[in-house]
Amino acid sequence: MSDKISIKVGDSSLTVDRGSRPSDLAVRLGEAGPFVAARVNGRLQDLSAPIEEDAEVALVGPRDTEALDILRHSAAHLLAHAVLDLYPGTQTGIGPAVETGFYYDFLREDPFTPEDLEAIEKRMKDVVRENASVERLVLEKGKAVEFFAEKGQELKVELVREKGDAAVSIYRQGPFADFCLGPHVPSTGVLANVKLLSVSGAYWKGDERGRQLQRIYGAVFATKKELEDHLVMLEEAKKRDHRKLGPELELFGTSDDLGGGLILWHPKGSRVRAVIEQHWRERHWAGGYEVLYTPHIGRETLWQTSGHLGFYKDSMYAPMEIDGQNYYLKPMNCPFHIQIYKAKVHSYRDLPLRWAELGTVYRYERSGTLHGLLRVRGFTQDDAHIICTPAQIDDEILRVLDFSISILADFGFTDNKIELSVRDPKNLEKYCGADDRWCQAEASLVKALEARGLAYERMEGEAVFYGPKIDIKVKDAIGRLWQCTTIQFDFNMSERFDMTYVGEDGKEHRPYMVHRALLGSLERFFGILVEHYKGSFPLWLAPVQVAVLPIAERHEAYALSLVKTMTDNGLRSEADISREKVGKKIRQAELAKVPLILVVGDKEVERGTAALRVHGQGDKGEVEVAAFLAKAKEFHQNKNLKVDF
RNA sequence: GCCAGCGUAGCUCAGUCGGUAGAGCAGCUGAUUCGUAAUCAGCAGGUCGGAGGUUCGAUCCCUCUCGCUGGCUCCA
């Protein structure tokens with residue numbers, strides 16, 4: 001075996017000693033760097049890792065996209081380095097890169113305070129300036145255990161014992177050493193643009209019964225600008241926060257006296273909700289659905305049959321006793337729809353049935369999980385159940401998929417991420433329902449996605465126990481994903497309630513049942529809408545669509561007549577007849593994010609016109625009332641997301 | 001539920017090293033009748049989240065409790 005190997009870096013080819021390191025290549029090629037890692041024959045590795053065979057090598061700079069995870073992971077190590085410098089005796093848990101940055105978990109008696117975070121960040125920056133080197137060593141497993149035991153790092157000892165191979169790689173910098181595969185940056189100098197963001201609790205190995213650790217979160221980027229942009233984005237997200245905008249725009253509220261996780265829809269929010277519901281109903285009727293109503297409570301026996309009392313009881317509220325019988329608040333609508341199904345004998349000729357309901361359900365959520373409109377204890381699901389024969393299932397799935405995507409688009413969500421959740425192939429016994437049914441169900445989900453050419457991610461093992469499903473997540477204005485639609489097969493309920501239909505053969509058959517929530521819940525969807533539009537709803541959804549602002553008292557009658565004209569034409573309109581100057585009225589209408597503003601004074605009264613202002617676009621000048629009305633009506637009725645006058 | 005932080009007027013916030021609180025906006029009243037993002041003046045508004053304790057005295061210190069925030073866990 002030759003002790004030379006040939007290396008290709010970009011356009012250059014060179015022959016080097018076997019065992020040369022990527023960092024040597026950089027020197028040899030006169031590449032300035034800095035570099036954070038190297039891609040050797042497609043695999044990311046340390047700059048200091050020897051190359052043992054002919055290879056194609058790419059040096060990875062901090063600004064390369066594939067560097068970001070390395071920067072994050074290394075920044076997590078830097079964080080631990082600083083923490084151990086400042087708080088010796090702290091035990092380190094795990095510290096990975098995550099989607100938005102990195103974190104590290106620590107075990108320590110005293111809580112980290114915000115001041116501690118500042119001190120830690122400062123120490124991190126010192127270490128960056130020192131450009132401390134990061135060293136990799138490989139120890140035999142037993143030695144690695146000893147190594148961490150000597151340092152008093154019991155958590156690491158546990159990890160090495162559980163996960164370590166025969167040879168364990170360890171990264172070391174300052175007082176900190178980690179059991180870690182890498183790769184890592186060669187030294188800390190490239191981690192200058194780092195910021196610690198928050199501290200929170202976390203469980204050791206994610207186990208609720210396990211030890212409680214303290215987790216410090218941070219973000220890191222290759223350039224200062226990217227870090228600043230990220231911080232601006234966090235600020236931007238805060239400005240869109242529906243929990244702030246909701247009460248500000250008088251859309252909804254909560255009340256301590258009412259209780260956590262319960263939402264009060266204020267008049268303006270209720271208006272928007274009513275518009276959403278009406279649109280939803282009309283689309284469902286047009287789409288071949290019946291819209292049902294069912295009660296909020298049901299007898300214990302119903303929940304026993306459905307199985308909820310068996311496996312879902314912890315999420316249900318305590319029963320109330322009525323005439324010696326226990327009744328439960330509903331956590332789901334399906335048993336009620338099934339009762340309607342079972343009210344008569346169904347023929348295959350009746351199917352498919354598509355039954356939808358805006359059904360308000362109540363679920364116990366642990367106090368710490370409640371979050372604005374997004375996680376609540378009482379909410380209205382836009383639920384539907386499709387009951388059909390095996391022969392109909394492909395058509396029905398395609399139909400519900402198209403329907404869902406189309407309705408999401410009505411609200412401005414056209415950029416979606418789709419996930420197909422299927423069984424865990426290694427654990428088939430934990431699922432209910434016959435194997436051939438699972439196969440057919442999965443096949444029809446895939447067929448529908450492929451028929452429409454939709455990209456999707458296959459989530460192995462993510463199916464719920466009763467059937468495979470498709471989830472649709474929508475992307476909002478600042479790129480965040482929100483789960484809305486879920487289309488799930490249910491092989492459980494139809495069995496438990498012994499749902500049947502009479503087939504052509506005169507025999508009883510088991511229908512397919514598909515659950516579907518499209519918007520998800522009205523509360524949650526409304527929260528997502530508020531964040532997506534930053535409170536500035538498109539015209540057709542806006543609680544007030546046209547504000548009419550008289551300049552002086554003598555213009556009020558005219559303003560009110562315009563409001564009546566708008567209202568008579570189906571537009572939601574209000575006049576501001578406060579004794580304020582027009583500048584103030586405009587400011588208030590703009591702050592309320594009213595899409596269209598009509599200012600009227602002497603000139604407009606005299607000519608029977610109005611001065612138009614479009615939210616976010618400013619003064620558009622004088623308009624004829626009839627022409628304005630025609631356009632506004634058109635935008636409203638067509639549900640345009642943007643208006644153009 | 002767990003860890004940490006927070007809770008002062010409707011909102012945003014100041015303040016009190018323990019002697020029962022203050023501003024701006026919003027509200028009300030009055031004046032102003034005004035041309036594209038805040039007219040002026042006056043008034044009113046708080047058992048300082050709730051309960052208990054320590055103290056001559058608690059909004060401030062302690063305990064419990066409720067709620068909110070960031071996460072964790074959970075979300076068949």
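Everything numeric here is computed off the predicted structure, so don't read it as measured data. Letters A, B, ... are given to chains in the order of the sequence lines, protein chains preceding strands, and every chain is numbered from 1.
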Sugar-phosphate only, base, or nothing, as touched by A:K584 at under 4.0 Å among non-hydrogen atoms: sugar-phosphate
Residue matched to B:rU54 through Watson-Crick or wobble contacts both under 3.5 angstrom: none
Under 6.0 Å between ring centres: does that hold for A:W303 and A:F336? yes
Between the base of B:rU33 and the side chain of A:R554, is one N or O donor paired with an acceptor at under 3.5 angstrom? no
With a 4.0 Å cut-off on heavy atoms, is A:H308 in touch with a base, just the backbone sugar-phosphate, or nothing at all? base
Taking only the P atom of each, what is the distance from B:rC43 to B:rU59 in whole angstrom? 28 Å
Hey, is the side chain of A:Y364 pairing donor to acceptor with the base of B:rG1 inside 3.5 Å? no
Regarding A:G206, tell me which of base, sugar-phosphate or nothing describes its non-hydrogen contacts under 4.0 Å with the strands shown. sugar-phosphate
Looking only at atom C1', what distance separates B:rA37 and B:rC64, rounded to whole Å? 49 Å
Flag, side chain of A:K156 to backbone of A:D178, donor-acceptor distance under 3.5 Å: no
Side-chain donor/acceptor of A:Q214 to base of B:rG71, under 3.5 Å: no
Could you check whether the side chain of A:R375 and the base of B:rC74 have a donor-acceptor pair of N or O atoms closer than 3.5 Å, going by distance alone? yes
